[in-house]
Amino acid sequence: MLDKERGLYIAHCANGALSITGKMANRHGLIAGATGTGKTVTLQVMAETFCQAGVPCFMADMKGDLSGISQVGRLSGFIEKRLPEFGIESPQFQACPVRFYDVYGEQGHPMRATISQMGPLLLSRLMQLNETQAGVLTIVFRIADERGLQLLDVKDLRAMLDWVSQHAKEYRTKYGTVTSMTVGSIQRALLQLESQGADKFFGEPSFDIYDLMQCEGGKGVMNVLAADKLMMQPKLYSTFLLWLMSELYSTLPEVGDLELPKLVFFFDEAHMLFTDTSKALLDKIEQVIRLIRSKGVGIYFITQSPTDIPENILGQLGNRVQHALRAYTPKDQKAVKTAADTFRTNPEFKTDEAIMNLETGEALVSFLDEKGAPSIVERAKVLFPLSQIGAITEGQRLDLIKQSRIYGKYDTPIDRESAFEVLVAEAERQLAEQEQQQTEIEIPKPSGKAEKAEKAEKKKPGMMSKVGKAIMTALTSTLAALLGTWVSDKISGKKTKSKTSAKEKVVKNATSAATRTITRELTRDILGNLVK
């Protein structure tokens with residue numbers, strides 16, 4: 001709890017109050033202990049103390065117990081017995097402002113990230129890719145950047161993988177060989193990731209980390225991630241939290257050591273972060289933890305044993321709360337000794353023995369002093385929370401979600417134009433061009449002899465022109481015959497028996513000739529068309 005005299009009051013020992021120094025709260029910390037020894041209550045006490053000081057926190061709720069921080073606590077017999085020990089007469093029970101989040105969007109506001117934000121390094125860990133596959137995934141990201149294609153969701157990455165596989169020859173000399181077999185392996189890993197619910201996590205609107213650093217009524221907002229379902233996919237859980245830390249590190253400005261941190265990040269089940277982690281990613285985690293304190297962010301790991309944390313990272317955790325450990329095997333005994341060696345020795349007791357004999361709610365506590373040096377370890381009792389211990393009802397959770405300032409901000413997914421839409425449109429355009437080219441090949445334009453024959457055919461007279469020509473020929477012949485007969489009669493002076501009969505005979509012969517000509521031409525035309 002926040003106390004005017006004792007500051008960020010967390011625990012009480014024989015020598016008095018044990019409080020976290022505000023300036024050193026961003027130097028990170030560790031809460032360790034076996035199952036059932038009180039780690040969750042310690043986390044709640046520390047979180048609500050920061051809340052009262054105006055420092056927002058982020059924490060993962062594994063069993064739903066931390067949701068009780070949103071409700072006012074009440075006095076119990078257990079708490080009443082401890083009041084004299086802590087020097088508290090009348091505790092002021094109070095709730096904390098809370099926002100619930102859920103990667104799956106079921107028990108809180110959805111939290112999404114784009115494929116591009118996650119990056120190839122974290123995605124490779126998430127999909128458990130080998131070195132070669134991770135290299136190909138990096139190439140895919142680089143090509144997408146060069147082409148200006150946005151990778152927002154899973155279907156964008158699928159489309160980009162397929163496109164790179166089809167155009168692998170074009171990039172062989174620049175980036176190296178990309179085989180269809182390797183791309184196929186990545187596609188299968190991506191399919192497995194989808195089945196774990198990653199398709200709900202990747203997309204837009206992406207989460208704004210500044211929503212984690214807000215206050216209400218002078219208190220820091222407690223951002224509680226529903227992780228009971230997410231915990232069933234350890235890789236997704238740990239990679240998601242690592243992404244959040246990376247986003248905080250890359251986005252926030254440098255501020256140095258403040259009087260109080262801007263945000264405290266509690267990482268429960270921290271051992272999952274370091275299990276099966278590559279050397280490259282482990283180096284990145286160490287870098288983030290070492291440098292993020294200058295951004296005003298404190299990271300507190302919660303796990304069973306300090307041995308779950310790599311030594312290089314464990315050395316960065318200055319504020320320690322160690323609950324009981326059990327040593328039933330040689331391996332457990334070694335873990336106890338390792339945990340004891342991380343503390344500054346107290347001459348009044350043996351640290352390793354004390355660790356094994358701690359009661360529930362008791363812990364070995366060592367916080368950094370004003371100069372940043374670890375204090376002597378003390379055997380102490382952790383304070384009780386002022387908020388409710390235990391889970392809330394679904395109705396209470398739903399009411400708090402609807403009352404949140406960011407209600408509706410992330411609830412509706414957005415699917416804007418990205419790599420998938422661009423590549424599909426490009427493929428459709430190429431297909432249309434290929435179909436057009438195929439049509440031109442199947443129906444070629446006439447050329448050469450065929451074109452000349454077609455032109456000659458067009459110049460041939462039609463049937464009606466032939467009939468007209470035959471009629472004109474017949475009429476001309478008839479007139480010529482009439483004129484010839486008349487001239488001959490005039491010259492010879494002969495008289496015909498019947499001028500009319502002679503003329504009729506000539507006309508009749510001419511008509512017969514014309515008829516024969518027309519019939520002949522029609523017959524030829526019809527037979528010619530039939531042959532064609």
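Here, residue 1 is the first one in the sequence, and each next residue gets the next number. Since this is a predicted model, take the numbers as computed values, not measurements.
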* Asked: Would the Tyr410 and Phe207 ring centres measure less than 6.0 Å apart?
  -> yes
* Asked: Any chance the rings of His109 and Tyr101 have centres within less than 6.0 Å?
  ->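 Yes, they do, as the ring centres are separated by less than 6.0 Å.
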Answer yes if the side chains of [X] and [Y] hold a donor-acceptor pair under 3.5 Å, and no otherwise.
{"X": "Thr179", "Y": "Thr182", "value": "yes"}
{"X": "Thr40", "Y": "Asp65", "value": "no"}
{"X": "Arg125", "Y": "Thr239", "value": "yes"}
{"X": "Thr307", "Y": "Ser305", "value": "yes"}
{"X": "Gln150", "Y": "Arg416", "value": "yes"}
{"X": "Gln187", "Y": "Asp162", "value": "no"}

Around [X], counting heavy atoms of other residues, nucleotides and ligands shown, do more than 12 lie under 6.0 Å from its [atom1]?
{"X": "Glu311", "atom1": "CD", "result": "no"}
{"X": "Lys409", "atom1": "NZ", "result": "yes"}
{"X": "Arg74", "atom1": "CZ", "result": "no"}

Please confirm whether the backbone N or O of [Y] pairs with a side-chain atom of [X], one donor and one acceptor, at under 3.5 Å?
{"X": "Asp228", "Y": "Met62", "result": "no"}
{"X": "Asp341", "Y": "Thr338", "result": "no"}
{"X": "Ser70", "Y": "Ser67", "result": "yes"}
{"X": "Asp208", "Y": "Asp211", "result": "no"}

* To do: Kindly indicate whether the side chain of Gln94, heavy atoms from C-beta on, has any atom under 4.5 Å from the side chain of Gln52.
  =>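 Gln94 reaches Gln52 side chain to side chain.
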* Asked: Would you say Leu241 and Phe265 make side-chain contact, with heavy atoms under 4.5 Å?
  -> yes
* Cation-aromatic face contact Arg112/Phe202, 6.0 Å, 45 degrees -> no
* Distance under 6.0 Å and angle within 45° of ring axis: Lys402 vs Tyr407 -> no
* How long is the span from the CG atom in Leu212 to the CZ atom in Arg99, to the nearest 0.5 Å? -> 9.0 Å
* Nearest 0.5 Å, what's the CG-CG distance between Leu66 and Asp268? ->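 Those atoms lie 7.5 Å apart.
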Please work out which of the three classes, parallel, tilted or perpendicular, describes the rings of [Y] and [X], given edges at 30° and 60°.
{"X": "Phe267", "Y": "Tyr237", "value": "perpendicular"}
{"X": "Phe201", "Y": "Phe240", "value": "perpendicular"}
{"X": "His167", "Y": "Trp163", "value": "parallel"}

* **Results of side chain to side chain donor-acceptor pair (under 3.5 Å) for Ser195 - residues two or more places apart only** =>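 Not a single residue meets the side chain to side chain donor-acceptor pair (under 3.5 Å) criterion with Ser195.
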* Asked: Got a sec, which residues hit side chain to side chain donor-acceptor pair (under 3.5 Å) with Thr21, two or more places apart in sequence or on another chain?
  ->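 Not a single residue meets the side chain to side chain donor-acceptor pair (under 3.5 Å) criterion with Thr21.
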